[in-house]
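Each remark here refers to the structure printed beneath this line.
Side chains included, hydrogens not; waters and symmetry mates left out as well; all remaining heavy atoms used.
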Amino acid sequence: MAQYARGSAVAVIRLRNPPVNALSRAVLQALEDGLKKADADPSVKAVMICGENGKFSAGADIRGFSAPKRLGGALGPIVSLIESSEKPVVAAIEGVALGGGLEVALGCHYRVAHVKARMGLPEVTLGLLPGAEGTQRLPRLIGVPAALDMITTGKHIPATEALKLGLVDEIVEENTIEAAIRLANKVIGQPLGPRRLSLKPVPKVPNMEAFLDEALAKVKRQARGCLAPELCFQAVRAATRSPFAEGVRRERELFQVLLSSGQAQALQYAFFAERAVRRWATPGGASWSSAAPQPVRRAAVIGLGTMGRGIVTSLVKANIPLVALEQDLENLNKGRKAVMLLLEREAMKMEGGAQVLDFHNPARLQFTVDFDLLRDVDLVIEAVFENMALKKEIFHKLSKICKPGALLCTNTSALNIDEIASATNRPQQVIGTHFFSPAHVMRLLEIIYGRHTSPTAIATAMQLATALKKVGVVVGNCFGFVGNRMMFPYVQQAVFLLEEGSRPDAVDQVLEDFGFKIGPFRMSDLAGLDVGWRSRKDQGLTGPSLPAGTPARQRHGQRYSPLPDLLCERGRFGQKTGKGWYLYEKAGGRTATPDPWLLNFLSQYRDTHGIRTRFIDQEEILERCLFSLINEGFAILAEGIASGPEHLDVIYINGYGWPKHRGGPMFYASTVGLPRVLAKLQKYSEAHPDVPGLQPSAFLKKLAAVGNPPLKEWMSYLSQQSSKL
Ligand code: TC6
């Protein structure tokens with residue numbers, strides 16, 4: 001609601017809807033009532049709008065967009081009402097003014113902000129545009145280039161920047177409300193015409209059309225299939241070409257297109273899913289509501305390879321003092337150099353730079369080869385080579401050296417947490433923390449609890465994720481956990497498609513057109529084919545331990561493709577060796593071109609194995625790759641490895657480059673319709689009976705059979721008995 005109060009000549013309207021003063025229908029109604037009351041009261045000479053609890057407003061209530069009586073059109077007229085007030089209206093911006101919240105402030109005649117406040121129009125990140133006349137007012141206030149940047153990226157800007165841009169009139173370090181009331185008293189009686197943004201012309205940019213063409217090309221490049229950025233652009237462009245009222249009409253039209261596009265629903269689902277996974281629970285009954293984290297005052301990272309370096313950088317950025325350990329001086333020096341380089345680069349991006357990060361101070365970042373220095377740390381992250389024997393040796397050592405309460409984390413992407421924990425005297429404090437490369441950039445932290453992991457350990461790992469500004473997702477222990485386990489059948493299908501007649505660039509193109517940042521073959525070249533090869537050798541699927549007489553294209557009675565192994569045997573590890581699924585300009589090069597050698601090799605391979613080459617269309621490529629991944633997701637849910645489809649979606653969006661505007665794989669399945677996903681899997685599994693990844697999971701079948709229920713009801717169809725734990 002909004003609370004109206006009048007003490008002096010300035011009436012105060014306080015937006016009140018905890019926790020972020022979202023603009024619900026009730027709040028908007030109360031705001032309108034407050035404005036009308038102030039207008040009608042002759043003793044009121046000015047109005048001040050602020051938000052309860054130190055936050056102006058986080059914008060329209062996102063839940064309201066899917067309500068039957070949609071919020072969409074209600075806010076614009078209220079912003080107009082504010083602007084047309086004959087009495088000056090001042091916004092007192094504390095905390096955040098985002099989306100519709102900032103649009104309300106733009107309707108005000110003056111804006112005062114606290115120095116720590118943040119402002120932005122993040123609608124684009126929810127698949128929308130600032131549909132309360134924000135696309136028309138903001139360019140008039142701060143100019144087209146700055147407005148386009150804010151509206152098409154959705155970035156939040158600090159008050160200091162807002163002042164420089166002219167978005168706010170004043171910033172204060174003390175009491176914003178008092179400062180706003182002071183300003184309101186000061187401007188009583190002054191003409192309001194020049195303060196009404198709708199009456200201002202859009203500031204001219206030399207060669208506006210050329211500027212807009214370039215800006216549009218940039219927006220399109222970055223959007224990769226997401227509609228909202230381009231429609232945001234079009235709305236701002238309308239401001240440069242048409243009078244205010246016409247611009248508003250165009251803005252409304254474009255808003256309606258987005259609202260019904262499907263992408264808005266997907267992005268809003270992703271917004272809430274990210275928040276839902278914070279409320280973790282395990283089948284054993286542990287949960288976020290009862291478990292308390294323990295403090296991490298000092299941490300350690302073991303291993304300064306690619307992952308360890310990124311993890312160290314992440315911890316330093318989170319201001320957590322730490323010890324970085326390597327096995328010998330040579331590796332330590334190499335690792336130290338690389339970490340320092342990363343940190344220098346990070347510091348350059350930050351205000352205050354190296355001084356803020358303080359990484360030259362040994363009390364904050366110490367490099368060592370001495371395990372004894374790990375005695376008093378609260379948390380260790382082991383990030384050594386993916387090898388069970390090595391990890392067990394390290395964990396055994398850690399359990400002897402570290403203080404009793406220390407949490408022992410392993411950065412593994414697939415190995416068994418229970419087996420690692422069995423090497424210690426404290427399995428309850430052992431937990432998987434699966435970072436994604438580059439670890440200081442990627443937002444996902446997959447947190448894996450083992451059979452004995454305590455709720456405190458899970459809560460501490462989740463708190464660590466928050467401290468590192470990552471999204472922590474708690475999952476159970478199985479080979480590959482959630483992310484990689486779902487990835488296996490996807491990559492497997494991609495390779496099978498090559499065997500049957502497709503090409504790496506054709507498969508990648510289809511998945512990149514779908515919205516993936518990078519297709520499976522480009523990804524494999526980037527990550528290095530040798531990583532999977534080593535793992536397959538360890539599993540006895542290839543290499544010297546493979547029993548003589550094993551059929552080339554079969555393992556344990558299932559279809560197997562030796563293609564990636566054959567490439568590795570020829571030294572084709574991907575980018576690092578200059579060739580893999582593609583050819584690169586040099587070892588370490590990044591520009592992939594289709595390699596005639598590989599195409600010839602594929603054709604010989606098909607001849608050798610008597611495979612009839614056939615044309616594979618885009619639909620089959622997409623469905624076989626995505627539906628097998630989704631199918632594995634249903635198996636994961638049925639086994640209780642993740643507590644809901646949101647977990648899988650958050651993992652895929654933040655760790656695997658899944659296009660956010662498609663809401664994650666499970667959300668995507670819900671939009672395709674589960675009966676259709678099932679029918680397609682049935683069709684493909686009939687054609688390929690030796691591929692278990694294509695055989696529909698029992699849970700998917702059940703959901704399709706009960707009539708395709710909405711995603712949020714899926715878990716209620718899992719009977720207790722079918723849950724593994
Ligand atoms: C718009 O304005 C369009 C206008 C055009 C035409 C009409 N609505 O993130 P937190 C909830 S579109 C409803 O955990 P933080 C959130 O779900 C909107 N609920 O906190 C969570 O609930 P839970 C444009 C909202 O401190 C709780 O509040 N605005 C909204 O880490 C706390 O949130 C945006 O896109 C909302 N607008 O971050 C801003 N906002 O406890 C979206 C939050 O039940 N919001 N909630 O899980 C944010 O970016 C962040 O929430 C934050 C606070 C920076 C405001």
For [X] and [Y], work out which heavy atoms get closest and say how close.
X	Y	result
A439	M307	CB-O, 4.0 Å
I458	I431	CA-CD1, 3.7 Å
L626	Y490	CD2-CE1, 4.2 Å
V474	Y449	CG1-CD2, 3.6 Å
A324	L332	O-CD1, 4.0 Å
F481	L415	CZ-O, 3.2 Å

Is there side-chain contact between [X] and [Y], with at least one heavy-atom pair below 4.5 Å?
X	Y	answer
L541	L546	no
I653	L444	no
V507	I616	no
P564	L567	no
M487	M523	no
H396	T424	no

Apply side chain to side chain contact (heavy atoms under 4.5 Å, CB included) to [X] and list each qualifying residue two or more places apart in sequence or on a separate chain.
X	answer
A318	I320, L468
V531	none
Q463	P293
S422	K392, E419

Around atom [atom1] of [X], are there more than 12 heavy atoms of other residues, nucleotides or ligands at under 6.0 Å?
X	atom1	result
H688	NE2	yes
Q554	CD	yes
R614	CZ	yes
K576	NZ	yes

Taking only residues two or more places apart in sequence or in another chain, which ones pass side-chain hydrogen bond (donor to acceptor under 3.5 Å, both in side chains) with [X]?
X	answer
D508	Y582
E499	R553, R559, S561, Y605
N631	none

Practice problem: Please check if the distance between the ring centroids of F516 and Y656 is under 6.0 Å. | Solution: no
Practice problem: Would you please indicate yes or no on a ring centroid separation below 6.0 angstrom for Y668 and F514? | Solution: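 Yes, close enough.
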Practice problem: Give a yes/no verdict on a cation-pi contact between K660 and W658, requiring under 6.0 Å between NZ or CZ and the six-membered ring centre and an angle within 45° of the axis. | Solution: no
Quiz item: Are K579 and Y584 in a cation-pi contact, defined as NZ or CZ under 6.0 Å from the six-membered ring centre and within 45° of the axis?
Solution: no
Kindly state each residue pair satisfying side-chain hydrogen bond (donor to acceptor under 3.5 Å, both in side chains) with at least one member in [range], sequence neighbours excluded.
range	value
residues 327-341	D328-N331, N333-R336
residues 427-440	H434-E446
residues 310-323	K317-E346, N319-R364

Looking at [X] and [Y], would you say the former's side chain and the latter's main chain have a donor-acceptor pair under 3.5 Å?
X	Y	answer
D649	M666	yes
R555	Y560	no
D378	R298	yes
E326	I302	no
R485	G480	no
N411	F435	yes
N484	A414	no
D418	R451	yes
R570	L566	yes

Exercise. Decide side chain to side chain contact (heavy atoms under 4.5 Å, CB included) for I630 and V672; before the verdict, give the C-alpha distance in whole Å, the side-chain angles of both, and the deciding distance to 0.1 Å.
Key: CA-CA 12 Å; I630 288 165; V672 171; over 6 Å; no
Show the atom names and distances, to 0.1 Å, of all donor-acceptor pairs under 3.5 Å that link a side chain in residues 585-594 to residues at least two apart or in another chain.
residue: E585; atom: OE1; partner: T591; partner atom: N; Å: 3.2
residue: E585; atom: OE2; partner: R590; partner atom: N; Å: 3.3
residue: T593; atom: OG1; partner: L583; partner atom: O; Å: 3.2

Self-check item: Spatial distance of atom CG (L343) from atom CE (M350) [nearest 0.5 Å]
Solution: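 Answer rounded to 0.5 Å: 10.0 Å.
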Quiz item: Taking atom CG of L329 and atom CZ of F367, what is their separation to the nearest 0.5 Å?
Solution: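 Result: 13.0 Å between the selected atoms.
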Practice problem: Check R624, Q695, E623 against Y684 for a side chain to side chain donor-acceptor pair (under 3.5 Å) and give me the one that passes. | Solution: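 Of R624, Q695, E623, side chain to side chain donor-acceptor pair (under 3.5 Å) with Y684 is met by E623 alone.
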Quiz prompt | Given I641, L637, V277, the one that forms side chain to side chain contact (heavy atoms under 4.5 Å, CB included) with H647 | solution =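 The option that passes is V277.
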Any ion pair linking [Y] and [X] (charged N to carboxylate O, less than 4.0 Å)?
X	Y	result
K349	E344	no
D595	R572	yes
R534	E386	no

Quiz prompt | Donor on one side chain, acceptor on other, T608 and Q604, under 3.5 Å | solution =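 No donor-acceptor contact under 3.5 Å links the two side chains.
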Practice problem: Run the numbers on Q493 and F627 for side chain to side chain contact (heavy atoms under 4.5 Å, CB included), then give the verdict. | Solution: CA-CA 10 Å; Q493 285 306 313; F627 292 178; over 6 Å; no
Quiz item: Looking at residues at least two apart in the chain, or sitting in another chain, which of them share a salt bridge (Lys or Arg N to Asp or Glu O under 4.0 Å) with D565?
Solution: R536
Practice problem: Show your reasoning for whether salt bridge (Lys or Arg N to Asp or Glu O under 4.0 Å) applies to E619 and K680. | Solution: CA-CA 11 Å; E619 184 176 290; K680 291 292 183 149; 3.1 Å; yes
Practice problem: Let me see the working for C409 and V380 under side chain to side chain contact (heavy atoms under 4.5 Å, CB included), right down to the final yes or no. | Solution: CA-CA 6 Å; C409 310; V380 182; over 6 Å; no
